[in-house]
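One structure is given below, encoded as structure tokens.
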Protein chains: 2
Amino acid sequence: MTGPMREPTFLILTALAPEPRYGYEIIREVAGLSGGRLKLRPGTLYGALDRLADAGLLERDREEVADGRLRRYYRLTEAGSVALTAEAERLDRNAAAARLGLDRRAARSAAGSTGRSGAGSAVGSAAASPRLAGGTA
Amino acid sequence: MTGPMREPTFLILTALAPEPRYGYEIIREVAGLSGGRLKLRPGTLYGALDRLADAGLLERDREEVADGRLRRYYRLTEAGSVALTAEAERLDRNAAAARLGLDRRAARSAAGSTGRSGAGSAVGSAAASPRLAGGTA
DNA sequence: CGATATATATCGGCAACTGGTAGGTTAGGC
DNA sequence: GCCTAACCTACCAGTTGCCGATATATATCG
């Protein structure tokens, strides 16, 4: 679990970044962070919590009983914080690369040569591509 | 294919954003964009190309024979461009959310209350979470 | 009581990817 | 000439995280 993580995993870690939270609260927090777009299923949440705990990115914090219901709190570990930071940087770099490519595309559209590029570019298409410094996702 | 895409898919679209490219060139471009981190396998590439074409995000551009080798060019469609733009924005929002959470975490660490938060925060943990305007990933 | 919300937990199936294999051509080195 | 690496497209079994669901329990409200 050092490679790219998918969005649910990422947002779970994000939800736990500021403070420990219990399962159901993570679900709500992730929904909020995603503007209602991502509704974590219990299967996804607890599967991810187990995986991330096994990988040392998070751990059990404490248990509490509130209104007759057990709440199991989790917290991000230092390794989890590091992984989340690295992942955020990866996202930034990927987004920047896409932006650059889209900008160049728009510039080409404005120049009138769109889509079917001329036959002359077949060999020349190995032109310098945006090479991002630290690597992207 | 309107939901979150994984990194290989995203970077394939990014490689095709500025101009049409053929399969092997996409592999090289993606490797460059990712700083050598992501080496697309043929299985991944052609599987994704088929999927993305089926979804209308890219299409066949042309074929060429160079040095006795067939090169099959692909180009991003307008829908693909739109999807890539949306995806880049999603990445930005996600990264920003993670940063915010990590900053709050660092602030808590500096305040001396780390990890095991006090018992008093059990009910108050529903405090206002960073609510990003347009929604995140 | 029934419906809804709040809470944790488990599981089968699926899609995208991983990690390969395959077939072919060309160029360079020995 | 032979071998290796690079250049090209194509196909496939296995893995993994997630989807979509089910289950159990408590609490509240009409």
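Naming: A, B, ... by sequence-line order, numbering from 1 per chain. We use all heavy atoms of the structure for the numbers below, so side chains are in, but hydrogens, waters and symmetry mates are not. Remember, it's a predicted structure, so these values are computed and weren't measured experimentally.
The distance between atom CZ of B:Arg62 and atom P of D:dC8, rounded to the nearest whole Å, is 13 Å. Atom C1' of nucleotide C:dC17 and atom CG of B:Leu52 are separated by 13 Å, given to the nearest angstrom. Rounded to a whole Å, the CD atom of B:Glu64 is 17 Å from the P atom of D:dC7. Atom CG in B:Asp50 sits about 14 Å away from atom C1' in C:dC17, given to the nearest Å. As a whole-Å value, the separation of B:Leu70 CG from C:dT26 P is 12 Å. Rounded to an integer number of Å, the gap from B:Tyr73 OH to D:dC7 P is 14 Å. What separates CD1 of B:Ile12 from C1' of C:dC17 is a distance of 10 Å, to the nearest Å. The nearest whole Å value for the distance from the CD1 atom in B:Ile27 to the C1' atom in D:dC7 is 10 Å.
The nearest pair of heavy atoms linking B:Thr14 to B:Pro18 is O-CD, 3.4 Å. In terms of heavy atoms, A:Thr77 sits closest to A:Gly56 at OG1-O, 2.6 Å. Taking each heavy atom of A:Pro20 and A:Glu25 in turn, the nearest pair found is O-OE1, 4.4 Å. Taking every heavy atom of both residues into account, A:Ala15 and A:Val30 meet most closely at CB-CG2, 4.2 Å. For the residue pair A:Pro8 and A:Leu38, the shortest heavy atom distance occurs at CA-CD2, 3.9 Å. The two residues B:Leu76 and A:Arg105 come nearest to each other via the heavy atoms O-NH2, 3.1 Å.
For the pairing with B:Tyr74, the side-chain contact (heavy atoms from CB on, under 4.5 Å) check across B:Glu59, B:Arg60, B:Arg62 returns one residue only, B:Arg60.
Using a 4.0 Å cut-off, some side-chain N or O of B:Tyr22 falls inside it from OP1 or OP2 of D:dC8.
Judged purely by atom type and a 3.5 angstrom limit, B:Glu87 uses its side chain to pair as donor or acceptor with the backbone of B:Met5.
In secondary-structure terms, DNA chain C builds stems of at least 3 consecutive Watson-Crick or G-U pairs, each pair having both distances under 3.5 Å, at C:1-30 with D:1-30.
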Heavy-atom contacts, protein to nucleotides 18-30 of chain D, under 4.0 Å, summarised as B (base), S (sugar-phosphate only) or - (none) per nt, yield SBBB----BS---
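Looking at B:Arg99 and A:Glu89, their side chains come closer than 4.5 Å, going by heavy atoms from C-beta outward.
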